[in-house]
Amino acid sequence: MTRAGRRRGAIFGGMFGLLALYWGVIFAQDAATTAEVPKKTLTVVPVVVPEEFHVVMTRMQAAKAKIQLQHMDLLKQRYDLGDHPVDGVTMSRKKAVQGQVRSRLPDGLTWEKLSAMDPAEIREKDLFPIGFLPLPHPNHPEGGMLFPKFHIAEIKKQEARDLTRFDLDYDLPDHFLPEFPPLMFLTTRPDLGDVSQGKLVTMDNFQELLGGILNPKQLEGVRLLVSPFMQQQFNQTDDRRSIRPSRGVTCFDCHANGHTNASTHLAGDVRPQDVRHRLDTPTLRGVNIQRLFGSQRALKTVEDFTEFEQRGAYFDGDPILATKKGVNILERGSQVHFMAEFQELLDFPPAPKLNLFGKLDPNLANEQEMRGQALFFGKAQCSICHPAPYYTDNLMHNMKTERFYKPKTVSGHRMIGDGPIKSFPLRGIKDSPPYLHDGRLLTLDDTVEFFNLILELKLSGAEKQDLVAFLLVL
Ligand code: HEC
Ligand code: HEC
């Protein structure tokens with residue numbers, strides 16, 4: 001045997017060994033499945049799908065309507081989904097901001113009565129508002145990336161690339177989502193204002209829009225951020241969720257214009273499947289002032305997150321499926337750094353009422369906003385975790401929400417408490433609904449009601465409104 005032949009033999013032997021090991025793990029887990037550890041097999045997904053593509057697709061298409069109806073029922077139980085905009089308040093361009101507390105209360109309760117109870121009583125009597133519980137993925141056992149309809153339509157128009165899944169649609173109504181396309185601000189060119197010129201930045205137009213204002217390295221970073229790469233649901237194998245073999249997804253398919261369009265998927269880093277958190281795409285505006293990345297993962301640099309988003313999150317944290325479906329491994333020195341450099345330029349939107357300390361200018365703010373600020377930095381204690389000027393302490397905190405409810409499974413999602421989650425910055429927060437890492441809260445009014453309960457603040461109705469008024473100008 002030649003040396004090359006021996007090497008090939010060793011490579012094939014190695015691959016075979018790896019696959020055998022993989023199946024071994026699955027079978028061993030099947031055998032070990034008992035009543036005590038029922039979900040163990042879900043740690044790994046089979047590499048070879050035993051059914052043909054069209055069989056899987058037909059079955060899932062037939063099941064789609066019922067799954068979506070059940071999920072819509074859950075959303076209606078959790079929330080008032082109506083269109084109730086706040087008078088005279090818009091996101092950075094012009095989309096109305098939704099107001100009012102949307103999470104439903106248990107029968108016969110008011111928010112005042114509820115917040116007068118202690119956590120143990122709420123837990124014992126099962127009175128924690130259903131909309132404050134973790135939000136399940138529209139099909140939690142299946143999971144995977146889901147994009148809002150308006151984004152799918154725009155990408156189809158610009159690139160003829162289809163982000164439709166045959167088995168599932170995005171769930172939350174458009175009026176609860178960020179405006180689209182969002183504005184894009186650069187720390188290096190504050191004089192220009194929005195550099196996206198009202199367009200969705202894609203492969204089709206990034207040169208034309210950003211060519212004159214970025215250096216070639218940053219521009220190459222943008223090119224990679226708008227380049228489609230293979231992913232679990234969108235790829236070219238039979239194990240995909242698009243009708244035709246897919247060209248993949250881009251970073252900006254979720255982080256639209258470096259912000260967010262509220263696309264969702266499941267956290268890749270938790271097992272078994274039913275305890276995985278739903279994730280709402282965070283904005284990348286202001287990542288330059290942040291020190292922790294990912295709601296739970298606490299990666300330390302934008303470079304690390306950029307590198308591992310594709311290896312980890314794109315394939316549910318499964319490197320073997322990633323290899324099979326065609327993972328695009330980014331090269332650290334010439335690609336990751338370029339992408340990160342551009343992401344670090346994405347600025348928060350303007351907040352005309354804030355001064356250099358990130359506090360309200362009393363000449364520009366109204367009385368209610370000033371009262372809200374005083375509460376935020378005083379009685380309500382928000383500033384302990386959200387200090388000015390950017391309203392984040394760059395740490396993780398465990399809110400111990402499980403103090404308020406017993407573990408329960410809803411729509412295939414086992415809710416056991418959230419664990420430590422990073423404090424997201426609140427600068428520009430009115431532009432980034434829905435709220436919390438999983439998007440469970442639809443309005444800023446909900447977030448104030450949520451923290452009032454969790455932190456046991458016992459704020460009055462008027463104080464809560466003052467706090468919301470303050471959040472709206474950050
Ligand atoms: C399916 C939509 C989706 C796609 C596609 C996507 N992301 Fe994300 N991104 C998310 C979600 C959701 C999170 C939050 C992850 C978590 O909480 O662990 C996130 C987090 C991040 C963060 C950390 C932000 C923070 O505030 O902690 C960075 C940086 C990031 N993504 C960059 C990228 C890059 C670069 C790409 C392309 C390689 C990309 N993302 C592709 C949805 C997406
Ligand atoms: C003990 C620390 C802590 C305190 C105190 C605190 N927060 Fe937070 N805040 C967090 C963490 C952690 C998150 C992220 C939680 C999650 O995603 O599940 C968060 C998230 C938020 C969000 C949503 C951010 C987003 O991007 O989705 C808002 C709004 C918010 N907090 C407002 C407040 C207000 C108003 C107060 C005071 C009444 C407050 N917080 C007090 C830690 C804190």
Side-chain angles (χ1 to χ4, degrees), residues 134 144-147 221 224-229 231 233-234 248-255 258 260-269 277-287 290 292-299 301-314 328 330 336 339-340 342-344 346 372 375-376 379-386 391-393 395-401 418-426 428-430 432-441 443-444 446-452 454-455 457 459 463-464 467-468 470-471 474:
M145 291 189 179
L146 277 175
F147 308 92
L224 290 160
L225 290 164
V226 296
S227 293
F229 299 125
Q231 183 272 337
Q233 284 74 33
F234 296 93
V249 307
T250 76
C251 305
F252 276 19
D253 280 338
C254 296
H255 301 286
T260 167
N261 56 19
S263 291
T264 189
H265 68 127
L266 289 180
D269 34 3
H277 295 196
R278 175 179 177 151
L279 293 176
D280 169 44
T281 304
T283 181
L284 299 180
R285 291 173 176 175
V287 285
Q290 295 189 56
L292 292 181
F293 303 96
S295 53
Q296 294 174 285
R297 267 186 288 174
L299 297 191
T301 65
V302 173
E303 283 82 354
D304 289 336
F305 207 99
T306 301
E307 188 172 356
F308 292 115
E309 183 88 321
Q310 279 183 79
R311 294 206 199 199
Y314 273 39
N328 181 73
L330 292 166
V336 171
M339 294 164 85
F342 179 75
Q343 292 174 76
E344 303 275 25
L346 294 164
L375 284 161
F376 191 95
K379 183 176 170 188
Q381 301 187 77
C382 315
S383 63
I384 293 181
C385 306
H386 301 285
Y391 295 85
T392 173
D393 61 358
L395 295 174
M396 321 265 292
H397 295 278
N398 188 342
M399 298 296 173
K400 303 200 170 135
T401 42
D418 303 309
I421 305 279
K422 90 175 212 181
S423 347
F424 291 94
L426 303 185
I429 193 67
K430 72 175 162 119
S432 321
Y435 301 106
L436 298 201
H437 66 278
D438 54 2
R440 77 181 69 165
L441 303 178
T443 64
L444 288 172
D446 282 300
T447 65
V448 168
E449 212 59 80
F450 178 85
F451 282 99
N452 182 51
I454 297 289
L455 303 172
L457 299 172
L459 300 174
E463 287 174 328
K464 287 185 270 192
L467 266 180
V468 173
F470 178 63
L471 293 175
L474 286 180

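In this text the structure is predicted, and so the values were computed from the model without any measurement. Only this structure's heavy atoms are used, side chains among them; waters, hydrogens and symmetry mates stay out. We count ligands from 1, going down the list as the structure has it; atoms in each ligand are counted the same way.
- For Lys400, the NZ atom is loosely surrounded, since the number of other residues' heavy atoms within 6.0 Å does not exceed 12.
- Each of the following atoms of ligand 2 lies closer than 4.0 Å to a heavy atom of Leu455: 5 (C), 41 (C).
- With ligand atoms numbered from 1 in the order given, ligand 1 contributes 16 (C), 17 (O), 18 (O) to contacts under 4.0 Å with heavy atoms of Ser295.
- Checked against side chain to side chain contact (heavy atoms under 4.5 Å, CB included), Leu292 has the following partners two or more places apart in sequence or in another chain: Ala298, Lys300, Met396.
- Asp280 is linked by a side chain to side chain contact (heavy atoms under 4.5 Å, CB included) to Ala262, Pro434, counting only residues two or more places apart in sequence or in another chain.
- Residue contacts with ligand 1 for Phe229 are absent, since no atom lies close enough (heavy atoms, distance under 4.0 Å).
- At a 4.0 Å heavy-atom cut-off, ligand 2 does not touch Asp438 at all.
- Heavy-atom contacts of Leu225 reach the following atoms of ligand 1: 35 (C) (cutoff under 4.0 Å).
- Contact annotation: Phe252 has no heavy atom less than 4.0 Å from any atom of ligand 1.
- Tested against Cys385, the residues Asp393, Leu426, Leu395, Leu455 include a single side-chain contact (heavy atoms from CB on, under 4.5 Å) partner, Asp393.
- Inclusion of Thr250 in the set of residues having an N or O under 3.5 Å from an N or O of ligand 1 is not warranted.
- Within the 4.5 Å cutoff, the side chain of Tyr314 has no heavy atoms near those of the Asn328 side chain.
- Phe308 has its ring centre no less than 6.0 Å from the ring centre of Phe293.
- The Phe293 neighbourhood of ligand 1 comprises atoms 23 (C), 27 (O), with distances under 4.0 Å to a heavy atom of that residue.
- Taking distance alone, with nitrogen or oxygen atoms compared against 3.5 Å, Pro434 stays at or beyond that limit from ligand 2.
- Annotation for ligand 1: atoms under 4.0 Å from non-hydrogen atoms of Gln310 are 38 (C).
- By the 4.0 Å N-to-carboxylate-O rule, Asp418 lies close enough to Arg440 to be salt-bridged with it.
- Counting only protein N, O or S atoms, 2 lie closer than 2.8 Å to atom 8 (Fe) of ligand 1.
- Between the choices Lys422, His437, Met399, the shortest heavy-atom distance to atom 14 (C) of ligand 2 belongs to Lys422.
- When non-hydrogen atoms are compared, ligand 2 lies under 4.0 Å from the side chain of Ile429 (C-beta onward) but not from its backbone.
- Proximity to Gly294 (heavy-atom distance under 4.0 Å) selects the following atoms of ligand 1: 16 (C), 17 (O), 18 (O), 23 (C), 25 (C), 27 (O).
- In this structure, the ring of Phe450 has its center no less than 6.0 angstrom from the ring center of Tyr435.
- Counting only distances under 2.8 Å, and ignoring water, the protein N, O or S atoms around atom 8 (Fe) of ligand 2 are His386 NE2.
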> Going through the distances and angles, do Thr392 and Phe424 end up as a side-chain contact (heavy atoms from CB on, under 4.5 Å)?
Replying inline: CA-CA 6 Å; Thr392 173; Phe424 291 94; over 6 Å; no
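- Set against the non-hydrogen atoms of His265, the atoms of ligand 1 under 4.0 Å away are 1 (C), 12 (C).
- Here the protein heavy atom with the shortest distance to atom 29 (C) of ligand 1 is Gln343 OE1, 3.5 Å.
- Of all protein heavy atoms, the one lying nearest to atom 12 (C) of ligand 2 is Ile421 O, 3.2 Å.
- The shell of residues lying under 4.0 angstrom from ligand 1, judged by heavy atoms, includes Gln290.
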